[in-house]
Amino acid sequence: GCDYKIAKKLETKFLNYKLPSNYLNPIDKDDRTMRRVFRDRNNLRGGKLLPQIKEAIDDSMFVVLVCTPNMTKTEDRENYVNDEIEYLIKTNRIDSCLIPLVYEGKIYSPDDYVKKERSIEEPFEEEAAPYALRKWMEQNNNHESTITVLYKNEQGEDNEEKMFLKCVATIINVPFETLWDKYQEEKKIEKRNKIKIALSLILSI
């Protein structure tokens with residue numbers, strides 16, 4: 001499905017991303033990659049949270065959640081994404097660990113549901129938050145959440161890249177501008193190299 005393709009693409013971006021040269025990896029100061037990435041199969045349904053997913057969450061500093069309105073389709077409460085979020089809630093890590101990336105739709109607040117006099121059991125058509133997250137938000141409506149929610153459609157030009165880099169900046173605790181400047185410089189170098197290749201081909205013809 002669409003979400004699976006997004007998650008796969010996101011995993012590849014994490015695995016191929018080179019951290020800034022001045023960044024000191026807390027695990028290995030010589031490693032400039034983000035190779036410790038575990039991607040679940042969030043289309044699996046039913047049963048208990050798989051031991052390997054539970055172990056991966058325990059070993060992870062952050063859980064990045066791909067959010068689209070597909071999250072609220074049929075059997076909304078019976079999939080591993082909900083189990084994972086409930087596990088984060090149970091272990092008191094949802095505030096400090098979860099980073100939702102909203103590719104389509106939006107995450108509605110509990111107040112949005114109250115205003116429209118509807119229950120979270122009947123999500124809005126554009127709702128991108130899975131049931132467990134909606135439920136947690138409803139139960140903690142007065143709680144000052146520290147969850148960083150990033151929206152693709154709020155980033156402007158290079159929106160997907162900006163959202164990804166803001167996610168990386170949150171994970172490694174560096175200013176977004178540092179990563180954005182690095183990205184733009186790499187694009188300039190890539191463009192110059194393409195021009196050089198094109199010139200070489202023209203001259204060799």
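- You'll find the side chain of Y4 stays beyond 4.5 Å of the side chain of V66, heavy atoms only.
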Before giving the answer on side-chain contact (heavy atoms from CB on, under 4.5 Å), spell out for L101 and L10 the whole-Å C-alpha distance, their side-chain angles and the decisive distance to 0.1 Å. CA-CA 10 Å; L101 303 187; L10 184 59; 3.8 Å; yes

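- Judged by distance alone, with hydrogens and angles left aside, the side-chain atoms of N16 form a donor-acceptor pair with the main-chain N or O of T12 at under 3.5 Å.
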V81 vs M71, side-chain contact (heavy atoms from CB on, under 4.5 Å): CA-CA, chis, key distance, verdict: CA-CA 9 Å; V81 172; M71 288 286 190; 4.2 Å; yes

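- Judged by distance alone, the side chains of Y113 and E127 do bring a donor and an acceptor atom under 3.5 Å apart.
- Here the straight-line distance linking atom NZ of K5 with atom NZ of K8 works out to 13.5 Å at 0.5 Å rounding.
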Could you tabulate the donor-acceptor pairs under 3.5 Å formed by side-chain atoms of residues 166-181, not counting sequence neighbours?
residue : atom : partner : partner atom : Å
K166    : NZ   : Q155    : OE1          : 2.8
T170    : OG1  : K166    : O            : 2.9
W180    : NE1  : Q184    : OE1          : 3.4

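- Using a 4.0 Å cut-off between charged nitrogen and carboxylate oxygen, E190 and K187 do not count as a salt-bridge pair.
- Between M61 and C97 the shortest side-chain heavy-atom distance does not fall below 4.5 Å.
- Side-chain contact between V64 and P100 is absent, with no heavy-atom pair separated by less than 4.5 Å.
- Counting only distance, with no hydrogens or angles, the side chain of K182 and the backbone of L19 share no donor-acceptor pair below 3.5 Å.
- Going from atom OG1 of T72 over to atom CZ of R134 covers 6.0 Å, rounded to the nearest 0.5 Å.
- The existence of a salt bridge linking K9 and E160 is confirmed by a sub-4.0 Å separation between a basic side-chain nitrogen and an acidic carboxylate oxygen.
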Show the numbers, then the answer: is there a side-chain contact (heavy atoms from CB on, under 4.5 Å) between I94 and I85? CA-CA 7 Å; I94 188 165; I85 293 172; 3.8 Å; yes

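- By the 4.5 Å heavy-atom criterion applied to side chains, L150 and V102 are not counted as neighbours.
- Taking both residues in full, the closest heavy atoms of S109 and M137 are given as CA-CE, 4.1 Å, listed atom of the first, atom of the second, then distance.
- Closest non-hydrogen pair, G105 versus A128, comes out as C-CB, 4.4 Å.
- Note that CG of D95 is 8.0 Å distant from CG of N140, once rounded to the nearest 0.5 Å.
- Under the 4.5 Å side-chain heavy-atom criterion for grouping Ile, Leu, Val, Met, Phe, Trp and Tyr, W136 is not connected to V114 through any hydrophobic cluster.
- One finds the CG atom of L98 at 6.5 Å from the CG atom of L133 (value rounded to the nearest 0.5 Å).
- Residues D111 and N141 have side chains that bring a donor and an acceptor to within less than 3.5 angstrom of each other.
- Of all heavy-atom pairs spanning K13 and E161, the tightest one is NZ-OE1, 2.8 Å.
- Annotation: side chain of L88 is in contact with side chain of I57 (closest heavy-atom distance under 4.5 Å).
- Side-chain atoms of Y151 come within 3.5 Å of backbone atoms of I107 as a donor-acceptor pair (strictly under, hydrogens ignored).
- Under the 3.5 Å distance criterion, the side-chain polar atoms of S60 are left unmatched by any main-chain donor or acceptor of V63.
- Note that R118 lies in the cation-pi zone of F124, set by a 6.0 Å cut-off to the ring centre and a 45° limit from the axis.
- By the side chain to side chain contact (heavy atoms under 4.5 Å, CB included) test, D58 pairs with K54, Y87, sequence neighbours left out.
- If you take OG1 on T68 and CG on D3, they are separated by 3.5 Å, rounding to the nearest 0.5 Å.
- With contacts defined as side-chain heavy-atom distances shorter than 4.5 Å, the pair Y183/D158 qualifies.
- Counting all heavy atoms, side chain and backbone alike, A132 lies closest to I89 at O-CD1, 4.2 Å.
- Atom-to-atom distance recorded for E138:CD and I120:CD1 is 4.0 Å, nearest 0.5 angstrom.
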